[in-house]
Amino acid sequence: MMPDAELNPAAVEIGSFFPQLPDAVWRALTEPDVHGRWLMPSTGFEPSVGTHFILTAPKGEIACEVLTVRPIERLTFSWIDLRARHPARWVVDWTVRRQGRGTRLLLTQTGFDLEDRRQQMARHAMERGWRVLLARLREELDRTEA
């Protein structure tokens with residue numbers, strides 16, 4: 001784990017441990033019916049580089065493009081909130097690593113401009129939102145494992 005001084009203040013970085021194996025966590029990240037239950041429903045998603053898809057948020061839509069896929073290791077996609085008055089392009093990266101009998105998942109969202117007050121507020125809101133969504137991911141994994 002990096003000391004806080006090494007973390008990028010312009011990024012959201014959240015690590016979580018799940019007792020499930022990496023295959024189960026990867027499935028939750030990449031299967032639309034599963035990620036629709038904990039993340040957001042999607043239209044057009046498939047884990048293939050270059051795929052454009054839409055995530056349906058409670059108050060709008062998020063346009064995404066898959067940038068990186070390394071099965072059961074890494075998924076990266078761009079993220080543009082279509083409802084924003086001043087849309088920004090962020091990048092969301094999921095890194096999956098086996099740790100002991102479970103999985104370490106690292107979520108990193110980059111692209112925030114800390115010189116822009118709106119971007120500062122968006123970064124803090126996204127961090128809070130991701131923490132809620134990761135708790136929902138934990139519930140989904142526990143539910144599907146039971």
Subject >> Separation between CG of Asp81 and CH2 of Trp79, rounded to the nearest 0.5 Å >> reply: 8.0 Å
Subject >> Residue pair Leu137 / Ala28: nearest heavy atoms and the distance that separates them >> reply: CD1-CB, 3.5 Å
Original post:
Below 4.5 Å, heavy atoms only, C-beta onward: do Trp130 and Val92 meet side chain to side chain?
Top reply: yes
Subject >> 4.5 Å side-chain heavy-atom contact, Thr108 and Val12 >> reply: no
**OP:** Give every residue pair that meets the side-chain hydrogen bond (donor to acceptor under 3.5 Å, both in side chains) criterion with at least one member in residues 36-62, sequence neighbours excluded.
**Re:** His35-Ser42, Arg37-Glu140
**OP:** Taking all non-hydrogen atoms of both residues into account, name the closest pair between Ala63 and Ile54 and its distance.
**Re:** CA-CD1, 3.8 Å
Original post:
For Trp90, what residues pass the side chain to side chain donor-acceptor pair (under 3.5 Å) criterion, not counting sequence neighbours?
Top reply: Gln119
**OP:** Look at the side-chain heavy atoms of Ile, Leu, Val, Met, Phe, Trp and Tyr, link any pair under 4.5 Å apart, and say whether Ile14 and Leu75 land in one connected group.
**Re:** yes
Original post:
How long is the gap from CD on Glu31 to CZ on Phe45, to the nearest 0.5 Å?
Top reply: 9.5 Å
**OP:** Considering non-hydrogen atoms only, spot the tightest contact between Val66 and Phe77 and give its length.
**Re:** CA-CB, 3.9 Å
Original post:
Which pair of non-hydrogen atoms, one from Leu141 and one from Ala24, has the smallest distance, and what is that distance?
Top reply: CD2-O, 3.6 Å
Subject >> Rounded distance (nearest 0.5 Å) linking atom NE2 of His124 with atom CE of Met126 >> reply: 13.0 Å
**OP:** Could you tell me the separation between the OG1 atom of Thr95 and the CG atom of Leu105, rounded to the nearest 0.5 Å?
**Re:** 8.0 Å
Subject >> Hydrophobic cluster identity match, Val49 and Phe53, side-chain contacts under 4.5 Å >> reply: yes
Original post:
Roughly how far apart are Leu134 CG and Leu107 CG, rounded to 0.5 Å?
Top reply: 6.0 Å
Subject >> Gln99 side, atom CD; Leu21 side, atom CG - distance, nearest 0.5 Å >> reply: 12.5 Å
Subject >> Side-chain donor or acceptor of Thr103 paired with backbone N/O of Gln20 under 3.5 Å >> reply: yes
Original post:
Residues sharing Val132's hydrophobic cluster, by side-chain heavy-atom contacts under 4.5 Å among ILVMFWY, directly or via others?
Top reply: none
**OP:** Answer whether the closest heavy-atom distance between the side chains of Thr110 and Phe112 falls below 4.5 Å.
**Re:** no
Original post:
What are the two closest heavy atoms between Val96 and Pro22, and how far apart are they?
Top reply: CG1-CB, 3.8 Å
**OP:** Can you run down the salt bridge (charged side-chain N to carboxylate O under 4.0 Å, His left out) pairs that involve residues 84-113, sequence neighbours left out, and say none if there aren't any?
**Re:** Arg74-Asp93
Original post:
When clusters are formed from ILVMFWY side-chain contacts under 4.5 Å, directly or step by step, what else is grouped with Val91?
Top reply: Leu67
Original post:
Side chain of Arg138, backbone of Phe17: donor and acceptor closer than 3.5 Å?
Top reply: yes
**OP:** Please identify each residue that fulfils side chain to side chain donor-acceptor pair (under 3.5 Å) with Glu127, with sequence neighbours left out.
**Re:** Arg123, Arg131
